[in-house]
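Here's the structure, in structure tokens; my notes come after.
Chain letters run A, B, ... following the sequence lines, proteins first and then strands; every chain starts at 1.
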Protein chains: 2
Amino acid sequence: MTKQQELITGIVNSSRNHPTAAEIYIEARQKMPSIAVGTVYRNLKLLTSSGEIRKLSFPGQPERYDRIEHPHGHLHCVACGGINDFEISPTLRDEILAHAGERVISCDVTINYICDECAVANENSANKKLKNYKRRL
Amino acid sequence: MTKQQELITGIVNSSRNHPTAAEIYIEARQKMPSIAVGTVYRNLKLLTSSGEIRKLSFPGQPERYDRIEHPHGHLHCVACGGINDFEISPTLRDEILAHAGERVISCDVTINYICDECAVANENSANKKLKNYKRRL
DNA sequence: ATCAAAATTAAGAATCATTCCTAATTTTTC
DNA sequence: GAAAAATTAGGAATGATTCTTAATTTTGAT
Ligand SMILES: [Mn+2]
Ligand SMILES: [Mn+2]
Ligand SMILES: [Zn+2]
Ligand SMILES: [Zn+2]
């Protein structure tokens, strides 16, 4: 594992913000000013495909990276774009896995919602959004 | 609702392939050769944000669009990139929703795995991939 | 240690998906 | 049926990610 890989792994594993590649690159430059953006992308891809870290996709945003800790899902606020973790109970996990048989690698659970901050900050607008939305649950 | 919107909605709702914007554009041109690619993107965005259709994000792929039928999750083969639907049981749905309180808009459940076809087509390679992978369930 | 082969990197060009801009066209309102 | 508002086609612009290449670092056999 090269210095660059170690640095990048460390940044992802110590972050609780689900950072993008660009954000990881900015942080990496603090410790290693010569690092190239392509190196960050390449190593993020390597680390992801070996399962060292986790890659998250949200519509309209650049990809985000997450550490692998206890399995958890994500609450995604459609108003501010914020992403928070939530616990996946063993029951829920087993229910999900029962659907897929063997050869399962991982699973991603994302709940799209309007977070508390956005709801109080802009109550009428958030409520309108929620009301106009054709919900699918 | 304009002719273009109607056409695009129809294509998404009649497709079972989770098509990308580019694929929808190609199909749209069959019926309306003058339609512009920007129009497809703009209307897909409008339809998505009003909840008429559903937008799916998978790492490293362009965004995909899905009709809204009974709630379902997605099985994503990491080998071939194929995407298939799976039923979400009411139990599973309720478990998921219990995590998010009110103000929920939708939820996405994706299981990453290696599909049957890929497993038999390239048994040793798929098994190696599965073995080298640090699973997170 | 010494050298050659293999892997990784920095830098920046290239690509791909998506959005933005503008003038023309269509739809709505009065 | 004219004026105003909304939508479109077409293409330029943007942003994220990958690709290319030459230089540097690591590996590993002598
Ligand atoms: Mn997380
Ligand atoms: Mn589907
Ligand atoms: Zn929010
Ligand atoms: Zn497959």
Can you list the residues that meet the salt bridge (charged side-chain N to carboxylate O under 4.0 Å, His left out) rule with A:Arg67, with sequence neighbours excluded? A:Glu69
Among side-chain atoms of A:Asp108 and B:Thr110, is any donor-acceptor pair under 3.5 angstrom? no
Would you kindly confirm whether A:Tyr65 and A:Met32 end up in one hydrophobic cluster when ILVMFWY residues are joined by side chain heavy atoms under 4.5 Å apart? yes
Decide yes or no for B:Lys31 and B:Ile11: does some side-chain heavy atom of the first lie under 4.5 Å from some side-chain heavy atom of the second? no
What residues 1-21 of chain B contributes to the DNA chain D interface at heavy-atom separation below 4.0 Å is B:Thr2, B:Gln4
With axes from five pairs an end, tell me the bend angle of the helix from C:dA1-D:dT30 to C:dC30-D:dG1, nearest 10°. 40°
Anything under 3.5 Å between a donor and an acceptor, one on a side chain of residues 33-46 of chain B, the other on a protein residue two or more places apart or in another chain? List them.
residue	atom	partner	partner atom	Å
B:Thr39	OG1	B:Arg42	NH2	3.4
B:Asn43	OD1	B:Gln5	NE2	3.3
B:Asn43	ND2	B:Thr39	O	3.0

Residues in side chain to side chain donor-acceptor pair (under 3.5 Å) contact with A:Glu63, at least two apart in sequence or another chain: A:Ser57
Hey, which of A:Leu7, A:Ile53, A:Asp66 is the one that makes side chain to side chain contact (heavy atoms under 4.5 Å, CB included) with A:Val12? A:Ile53
Counterpart residues, side chain to side chain donor-acceptor pair (under 3.5 Å), relative to B:Glu27 (two or more places apart): none
What residues form a side chain to side chain donor-acceptor pair (under 3.5 Å) with B:Thr20, not counting sequence neighbours? none
Separation of C:dT18 atom C1' from B:Gln61 atom CD, nearest Å, is 16 Å
Mind running a 4.0 Å heavy-atom check of residues 37-47 of chain B against DNA chain D and sending the residues that fall below it, in number order? B:Thr39, B:Arg42, B:Asn43
First and last nucleotide of DNA chain D, 5' to 3', lying under 4.0 Å from heavy atoms of chain B: D:dT7 to D:dG10
Under 3.5 Å, which donor-acceptor pairs link side chains of residues 81-88 of chain B to any protein atom two or more places apart or in another chain?
residue	atom	partner	partner atom	Å
B:Asp85	OD1	B:His18	NE2	2.8
B:Asp85	OD1	B:His72	NE2	3.2
B:Asp85	OD1	B:His74	NE2	3.2
B:Glu87	OE2	B:His70	ND1	3.4

A side-chain contact here means heavy atoms from C-beta on lying under 4.5 Å apart; do A:Glu23 and A:Asn17 qualify? no
What ring-ring contact (aromatic ring centres under 6.0 Å, His included) pairs are there with at least one residue in residues 20-40 of chain B, not counting sequence neighbours? none
